[in-house]
Structures are given as C-alpha cells and as structure tokens.
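Heads up, the thing below is written out as structure tokens.
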Amino acid sequence: MRAPPDPSWRRLYRVGSWAAAAYVLLVLTAMVLLAAAPLPPSSGAALLEYIDAHGVVYVVELVCFVGLSVPALIVFTAWAMALGHVDKSMALIGGLFGVASEITALAVGSSPQSLNGGLLTLSTSYQSATTAGERAGLASAADAVIATTNAMPWAGVLTAAGILILSLVAWRGPVPAAVAAFGILTGAVGIVAEALRPLIDVGYLIYGLLLPAWFILTGWRLSTFGRYGPVSAPSTSDDSASSPTPPPEAAE
C-alpha cells in the first residue's frame, strides 16, 4: 500500500502541484489586500458605498477568492488519482466531494467577507439612483445578498469533507504520516468551522490558515509523484524457451 501512485498520471500530478501553488498565491494576494485595505462592511448601503470608493481592491479580492476554485479543482482531481491505488472507492468519493464543492463555489460566485459579484451591479445602480427610495431599495437588496454570501456555505463543508476523506486514504498510502495527519486535522476542523462560521466569527481564521497549508503540503507531494519514472513492464517472454534444453541423458 506504500507503493508510489500510477506513474502514467505523473503529468496530472505535476499540473496539480502547479495548481496548488497558484491556489496559495491567490490566497496570499487576497490576504495582503484584506490587511492593507479597509474590510468590506456588512451592511448594504455602507458596502455599496465602499465598492464605489474601493472598486479595484474589491474586484481583485473577489477574483482571488472565487478564482481559488479553479486550481482547487485540479488539485482535488490529481490528489484523488494519486491515492486511487490505495482505495479506489474512498479516493473517488473524496475527490467528488472536493470537485463538487469547487464547482458549487464557482456557480454561486460568492465568498466570505461580503464579496459577491452581484454587489458590483448593485453598487453601480446605487450611485446612479436619484431618489432616496431607489437607494433604500438597492440597499435592502444588497443586505439580502450579503446575508446569503456570509451564511454557511455548503460548498465549504464539502471542501473540508473531501480533504478529510482523502487524508484518511493518504494515511494508508504513499504519504508521510505527518502530512496525512495534518490533512485529517484540516478536514475535521474545516467541517466544524464551515458549519459554525456565522457563530465563531474570528475563530474561522484557524481553518483559514490550515487550508492553504494543506494545499502547500499536497502540492509538494504531487510534485514528488510527478517525478516518478514509468514502471517497468514485466517480462512476457517464456523463461522455459530461453533456458537450455537438457540433454537426453539428463532427461532419463
């Protein structure tokens, strides 16, 4: 069970390692912007004003957080394939959970910190509104979008569940025990953090730090798997044909 994964997929493993690096880069970019710029407000009218004043920062943060799903799709696919020889069924389930979570996140187009693509349109309309009634209606619509965005995302729960399942498989596979244990911890903490995100507030940052660290370790292992050479094909020649035929005296 500790044998290396199928080397015929080593190009996928290499691409997965690059995707993990891209994921971490996007996370770091978003974190730097969140630290350097004021945090987006959580009320409708204030957020629409914030978007108008910090449009570039808001768009970059939105692209970084939502764009995480693209490299994450590749990482989950490559990691599931790398662990398939250990337990095909559980590796497939974990990979499906991870891929489904990222597709859902892309479809919704939202992320934490009151970031949502629909709010860009509402902000433009809010600035062009001419009456207090129009602005009040747009602010109420923004409040509804913010509430949906900041609520518990099932996509996040699926991501953490996928990490947990794949890490349990990795525990018996070609992965150092410490790396597999870190993945199990990340997945377990992530399920709780995502389920209780509206309640734990700042405590969610613990999972926010564990998640990119898991992608770093996973990308490192995928890079290692990508360097494996092809498996030598077993000889199919008939050994008896190549061995000398015993003389008749020996046969007797």
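Note: hydrogens, waters and symmetry copies are ignored here, and every other heavy atom, side chains too, is used.
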Indicate the atoms forming the closest heavy-atom contact of [X] with [Y], along with that distance.
| X | Y | answer |
| --- | --- | --- |
| C64 | T29 | SG-CG2, 3.7 Å |
| A19 | I74 | CB-CB, 3.9 Å |
| L119 | L47 | CD1-CD2, 3.4 Å |
| Q127 | L48 | NE2-O, 3.8 Å |
| A105 | A155 | N-CB, 4.2 Å |
| A82 | P5 | O-CB, 3.1 Å |

Exercise for the section: Tell me, please, which residues at least two apart from Y13 pass ring-ring contact (aromatic ring centres under 6.0 Å, His included). Expected result: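 Residues passing ring-ring contact (aromatic ring centres under 6.0 Å, His included) with Y13: none at all.
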
Exercise for the section: Could you pull out all residues at least two apart from F215 that satisfy ring-ring contact (aromatic ring centres under 6.0 Å, His included)? Expected result: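 Here the qualifying residues are Y23.
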
Problem - Transitive ILVMFWY cluster of V32, excluding itself - 4.5 Å side-chain cut-off - result: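 When side chains under 4.5 Å apart are linked, V32 ends up in no cluster with other residues.
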
Less than 4.5 Å apart, any side-chain heavy atom of [X] and any of [Y]?
| X | Y | value |
| --- | --- | --- |
| D87 | R172 | yes |
| V175 | W171 | no |
| P174 | V86 | yes |

Exercise for the section: Please lay out, stage by stage, how D52 and T124 fare under the test side chain to side chain contact (heavy atoms under 4.5 Å, CB included). Expected result: CA-CA 8 Å; D52 182 64; T124 301; over 6 Å; no

Practice task
Look at the aromatic rings of W79 and W214 and report parallel, tilted or perpendicular, splitting at 30° and 60°.
Solution key: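 Because their plane-to-plane angle is over 60°, the rings of W79 and W214 count as perpendicular.
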
Problem - From CA spacing to verdict: side chain to side chain contact (heavy atoms under 4.5 Å, CB included), M81, L12 - result: CA-CA 9 Å; M81 293 303 300; L12 175 61; 3.8 Å; yes

Report yes or no: do [X] and [Y] belong to one cluster of Ile/Leu/Val/Met/Phe/Trp/Tyr joined by side chain heavy-atom distances under 4.5 Å?
| X | Y | answer |
| --- | --- | --- |
| I216 | F65 | yes |
| L96 | V169 | no |
| F225 | V15 | no |
| V70 | L28 | yes |
| L164 | L92 | no |

Could you tell me whether the side chain of [X] and the main chain of [Y] form a donor-acceptor pair under 3.5 Å?
| X | Y | result |
| --- | --- | --- |
| Y207 | I191 | no |
| R227 | R14 | no |
| R135 | A132 | no |

Problem - Neighbour count >12 (heavy atoms, 6.0 Å) for atom CD1, I206 - result: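 Count not over threshold, so no.
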
Problem - Interatomic distance, F76 atom CZ to I103 atom CD1 [nearest 0.5 angstrom] - result: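 Rounded to the nearest 0.5 Å, the CZ-CD1 separation comes out at 12.0 Å.
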
Exercise for the section: Working to the nearest 0.5 Å, report the span between CD1 of I163 and CZ of F97. Expected result: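 Spacing of CD1 (I163) from CZ (F97) equals 13.0 Å.
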
Practice task
Using only heavy-atom distances, determine whether the side chains of S17 and S223 contain a donor-acceptor pair under 3.5 Å.
Solution key: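 There is no such pair (donor and acceptor under 3.5 Å, judged by atom type) between the side chains of S17 and S223.
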
Exercise for the section: Could you tell me whether the side chains of Y126 and E134 share a donor-acceptor contact shorter than 3.5 Å? Expected result: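 There is no such pair (donor and acceptor under 3.5 Å, judged by atom type) between the side chains of Y126 and E134.
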
Handout entry: Verdict with supporting geometry, L122 and I51, side chain to side chain contact (heavy atoms under 4.5 Å, CB included)
Key = CA-CA 10 Å; L122 289 176; I51 294 173; over 6 Å; no

Problem - H54/Y50 aromatic ring centres below 6.0 Å - result: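 Judged by ring-centre distance (under 6.0 Å), H54 and Y50 do meet the cut-off.
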
Handout entry: L222 and W18: CA distance, side-chain angles, deciding distance, side chain to side chain contact (heavy atoms under 4.5 Å, CB included) verdict
Key = CA-CA 9 Å; L222 287 172; W18 300 335; over 6 Å; no

